**Student:** 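Pasting a structure here, questions to come.
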Protein chains: 2
Amino acid sequence: MKAADYAAVSPREVRQMIREGKWDKPTPGMCSGHVQGNLVILPKDLAYDFLVFAQRNPKPCPILDVTEPGDPEPKIVAPGADLSTDLPRYRVWVDGTVIDEPTDVKKYWRDDLVGFLLGCSFSFEGALLDAGIPVRHIEQNRNVPMYVTNIQCTPAGALSGPVVVSMRPIPAHLVPKAVLCTGRFPAVHGAPIHIGDPAQIGIADIMKPDLFWACGCTPQAAIMAVKPPFCITHLPGHMFVADPRDADYAVF
Amino acid sequence: MKAADYAAVSPREVRQMIREGKWDKPTPGMCSGHVQGNLVILPKDLAYDFLVFAQRNPKPCPILDVTEPGDPEPKIVAPGADLSTDLPRYRVWVDGTVIDEPTDVKKYWRDDLVGFLLGCSFSFEGALLDAGIPVRHIEQNRNVPMYVTNIQCTPAGALSGPVVVSMRPIPAHLVPKAVLCTGRFPAVHGAPIHIGDPAQIGIADIMKPDLFWACGCTPQAAIMAVKPPFCITHLPGHMFVADPRDADYAVF
């Protein structure tokens, strides 16, 4: 079975399958039309700085849910789910180094941990495709290309770092349509932050003018730069599949 | 002089005038086209709950800026300004009771205080007027009518409470236009949360179907319900005049 075979399965069923250890691969393509989230789990003493950082950098850090300290249930976007078991694979960080990539983090859970789910640009790709805009990395069955830019996030407390972007090449005549399509979804990174010459945002190694969206890897990059004593994230591509539909995050 | 006489004056000059004690009246009408903010100042130990509350209730609680603990400068929306002196009048709360309504709060300032500026629906009224949509309370030179609804905010930590709304009667044929105009500004409450029968959201004492927007009084109501040992807010109508233009908060 591959991810696309679960396109029509409900988020609840997919999470149950993951919780039972029956799926440890990337999630893009599963539960089509439902939002998937980046995961960051932090001790409460870093959680305040992280919330302020997200508030100051809403394009790369759109927060979908914050759990109560010690409680792994994301009550807003997936009542009954468990952030310590319902992602296919995790990264456990100690002092900024990955010490484990397990399929659940039950044995690492602590009473002071707060879980953050952050929006992911995969959530607006359905809107692009529906509008007849090709998405190359989907066509090529690859992960979306990501780049570190020279744009700095607004710091907050201990956290700072560059904005990370995802890139999608879009035919020139469809660029305005792509901007409008994605601009409706600020909770999952919204409109591009840059169109055109990659060098203008400090990206030297690609040649063509393209569209760049703020990426949910930005907050992880900022946290890792601090090398906190303890932290858990998802393994890239192994996202949390939440209940709301992508369209629920259209702005109103 | 009345507020409208300062419509074309810069936010920096108006804040300086307020800081020097030369203006202690309401701010609507001053610095036309620039955002004005609701103020909440809390001890750091309540600030985390407040941030999570705002994240869970973005329609009534759009945060524009969060200051560093102990530092009254809102660096994002007004570098050089001082939240302890630059509003015309404050309310100082002890155990849920107003103990003072001073024109500055320098003598109350503490090293653990965090200032929050929250968006205000006045910021989208320019867009309504520009679109040819009449705004009755401006025509009548009165404050916007506000009502407590039976819609509950999503709680966070110690904070919970009902959504407070502001109401604007809009001619029926202009309702879709009013929804679209304000929907572009989620950072200042965005589109209405209810159109039509007030009784459906628990408002019994007005008769006509109208448009209701989530209101920046909601977070203050939630905080006051907790009766925190110490808290400072603006006096209603006596807002913080920030540097950004209303249009800077159009979604993208």
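Keep in mind that what you see is a predicted model, and the values were worked out from it rather than measured. Chain identifiers are assigned alphabetically (A, B, ...) following the order of the sequence lines, protein sequences preceding nucleic acid strands; residue numbering begins at 1 within each chain.
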**Student:** Would you mind checking which part of A/L64 comes under 4.5 Å of any heavy atom in chain B, side chain (CB onward), backbone (N, CA, C, O), both or neither?
**Tutor:** backbone

**Student:** At a 4.5 Å cut-off on heavy atoms, which part of A/V77 comes close to chain B: side chain, backbone, both, or neither?
**Tutor:** neither

**Student:** Take a 6.0 Å sphere around CZ of B/R91 and say whether it holds more than 12 heavy atoms from other residues, nucleotides or ligands.
**Tutor:**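 Count over threshold, so yes.
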
**Student:** B/R56 versus chain A, heavy atoms under 4.5 Å apart: side chain, backbone, both or neither?
**Tutor:** side chain

**Student:** Contact part of A/K75 toward chain B, heavy-atom cut-off under 4.5 Å: side chain, backbone, both or neither?
**Tutor:**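 Contact with chain B involves no heavy atom of A/K75 at all.
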
**Student:** Is it the backbone or the side chain of A/I63 that comes under 4.5 Å from a heavy atom of chain B, or both, or neither?
**Tutor:**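 When you check distances to chain B, atoms from both the backbone and side chain of A/I63 fall under 4.5 Å.
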
**Student:** Hey, is CG on B/D130 packed in by over 12 heavy atoms from elsewhere, all under 6.0 Å?
**Tutor:**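 Result for CG/B/D130: enclosed.
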
**Student:** Report, by ascending residue number, the residues of residues 48-55 of chain A in heavy-atom contact with chain B at a distance under 4.5 Å; give 'none' if the set is empty.
**Tutor:** A/Y48, A/L51, A/V52, A/Q55

